[in-house]
Chemist: 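There's a structure below that I have some questions on.
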Amino acid sequence: LILTLIIIVAAFNIVSGLIMLVKDKGQDIAILRTMGATRGMIMRIFLPTGTAVGFVGTGLGFLLGLVFCEAGFSVTGFDLDPVKVAAIGRGESYIKHIGKARVAEAVASGRYTATTDFDRLGACDAVIICVPTPLGLHREPDNGYIHATAKEIAKRLRKGQLVVLESTTYPGTTDGE
């Protein structure tokens, strides 16, 4: 099974393909948007109903996970911080710009969960890496979080599973690694 994944970015008005295979579909998405298609409709064109999506890192991943949940997908947020995971489990937001009601609704729907158990990565059809890439002393990106996350995913990777690197980094980060 080959999955193609779209992530909603910015103010959720721009749909951007994150996988090289999707880049040529950008014009199709723009046409769909001008025809009045919603984010959820566009996402369902590229992902089958029932797709389980995991987001590693519950900063940006939390927000993107909510968007996917609202479009009808089953979402699991993965994080090392048990405080963030517990807050999500209670339906609370720890990010100022994400309202509690939105989180509570997503959790109550049963389509959004959060965990520190990375063994659950194997149950996801798509895994999106949304971990920090801080800058070092000389303003070079520290890819340590990306590498650590990739190693955790690799332990649980299964055939047909899609992995997307959403973390901000430079072109070629994953070449030869």
Side-chain angles (χ1 to χ4, degrees), residues 1-10 12 14-23 25-26 39 42-43 46-48 50-71 73-89 93-95 97-98 103 106 111-136 139-177:
L1 174 67
I2 297 176
L3 296 176
T4 306
L5 189 58
I6 301 294
I7 300 297
I8 308 302
V9 293
F12 302 116
I14 302 169
V15 178
S16 171
L18 294 178
I19 305 166
M20 295 304 232
L21 297 173
V22 179
K23 284 193 175 185
K25 297 186 185 232
R39 290 186 303 269
I42 293 169
M43 292 165 75
F46 293 99
L47 286 173
T51 299
V53 184
F55 289 88
V56 180
T58 57
L60 173 62
F62 182 35
L63 182 57
L64 294 176
L66 285 171
V67 172
F68 274 76
C69 178
E70 290 161 354
F73 295 96
S74 173
V75 173
T76 304
F78 295 88
D79 206 292
L80 296 174
D81 186 345
V83 174
K84 289 180 180 178
V85 168
I88 293 170
S93 178
Y94 51 87
I95 297 177
H97 302 299
I98 300 175
V103 179
R111 290 191 315 271
Y112 197 104
T113 61
T115 184
T116 58
D117 180 6
F118 281 70
D119 284 335
R120 291 180 51 192
L121 283 166
C124 298
D125 300 307
V127 178
I128 302 170
I129 302 171
C130 301
V131 295
T133 48
L135 296 178
R139 303 199 47 79
E140 74 284 358
D142 175 358
N143 293 326
Y145 293 112
I146 294 171
H147 291 252
T149 301
K151 287 177 184 174
E152 289 300 315
I153 293 170
K155 293 176 191 176
R156 299 152 177 98
L157 194 62
R158 62 176 168 76
K159 186 176 181 174
Q161 196 172 31
L162 174 71
V163 178
V164 176
L165 175 59
E166 168 60 18
S167 299
T168 304
T169 188
Y170 54 89
T173 295
T174 58
D175 292 349
E177 304 221 14

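Counting begins at 1 with the first residue of the sequence.
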Chemist: Minimum heavy-atom separation for R111 to E70, with atom names?
Modeler: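 The answer is NH2-CA, 4.5 Å.
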Chemist: Say you draw a straight line from CG of L165 to CD1 of I146; how long is it, rounded to the nearest 0.5 Å?
Modeler: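 Answer rounded to 0.5 Å: 5.0 Å.
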Chemist: At their closest point, which heavy atom of T133 faces which heavy atom of S167, and how far apart are they?
Modeler: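 What the structure gives for the nearest pair is CG2-CB, 4.1 Å.
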Chemist: Could you grab the distance from atom OG1 of T116 to atom NZ of K84, nearest 0.5 Å is fine?
Modeler: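 If we round to the nearest 0.5 Å, T116:OG1 and K84:NZ are 13.0 Å apart.
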Chemist: Run through I128, D125, L162, V127 and flag the one making a side chain to side chain contact (heavy atoms under 4.5 Å, CB included) with V53.
Modeler: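 Answer after filtering I128, D125, L162, V127: I128.
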Chemist: Side-chain contact test, heavy atoms from C-beta onward, threshold under 4.5 Å: evaluate it for Y112 versus V103 and give yes or no.
Modeler: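 Side-chain contact under 4.5 Å: no.
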Chemist: Please check if the side chain of T76 supplies one atom and the backbone of G54 the other of a donor-acceptor pair under 3.5 Å.
Modeler: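 Checking the backbone N and O of G54 against the side chain of T76, no donor-acceptor pair under 3.5 Å is found.
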Chemist: Write out all pairs satisfying salt bridge (Lys or Arg N to Asp or Glu O under 4.0 Å) with one or both partners inside residues 142-154, taking only residues at least two apart or from two chains.
Modeler: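 Found E152-K155, E152-R156.
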Chemist: I want to know whether F55 and F62 have ring centres closer than 6.0 Å.
Modeler: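 Between F62 and F55, which both carry aromatic rings, the centre distance is not below 6.0 Å.
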Chemist: Taking all non-hydrogen atoms of both residues into account, name the closest pair between D117 and T115 and its distance.
Modeler: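 Distance-wise, the nearest heavy atoms are N-OG1, 2.9 Å.
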Chemist: Check whether S93 reaches the backbone of I98 with its side chain - one donor and one acceptor, N or O, closer than 3.5 Å.
Modeler: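 Flag set: sc S93 to bb I98 pair under 3.5 Å.
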Chemist: Could you check L157 against V163 for side chain to side chain contact (heavy atoms under 4.5 Å, CB included), going step by step and ending with a plain yes or no?
Modeler: CA-CA 9 Å; L157 194 62; V163 178; 3.7 Å; yes
Chemist: Is there a donor-acceptor pair under 3.5 Å between the side chain of R158 and the backbone N or O of C124?
Modeler: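 Yes: the side chain of R158 pairs with the backbone of C124.
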Chemist: Atom OH of residue position Y94 - does it have more than 12 heavy atoms of other residues, nucleotides or ligands inside 6.0 Å?
Modeler: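 Atom OH in Y94 is packed in, count exceeds 12.
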Chemist: C130 pairs by side chain to side chain contact (heavy atoms under 4.5 Å, CB included) with which of L64, T58, T149, V56?
Modeler: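 Looking at L64, T58, T149, V56, the match for C130 under the side chain to side chain contact (heavy atoms under 4.5 Å, CB included) is L64.
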Chemist: List the steps and the verdict of side chain to side chain contact (heavy atoms under 4.5 Å, CB included) for I129 and I153.
Modeler: CA-CA 9 Å; I129 302 171; I153 293 170; 3.7 Å; yes
Chemist: Ignoring hydrogens, what is the shortest heavy-atom contact between V75 and F68? Give both atom names and the distance.
Modeler: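 Smallest interatomic distance, heavy atoms only, reads CG2-CB, 3.8 Å.
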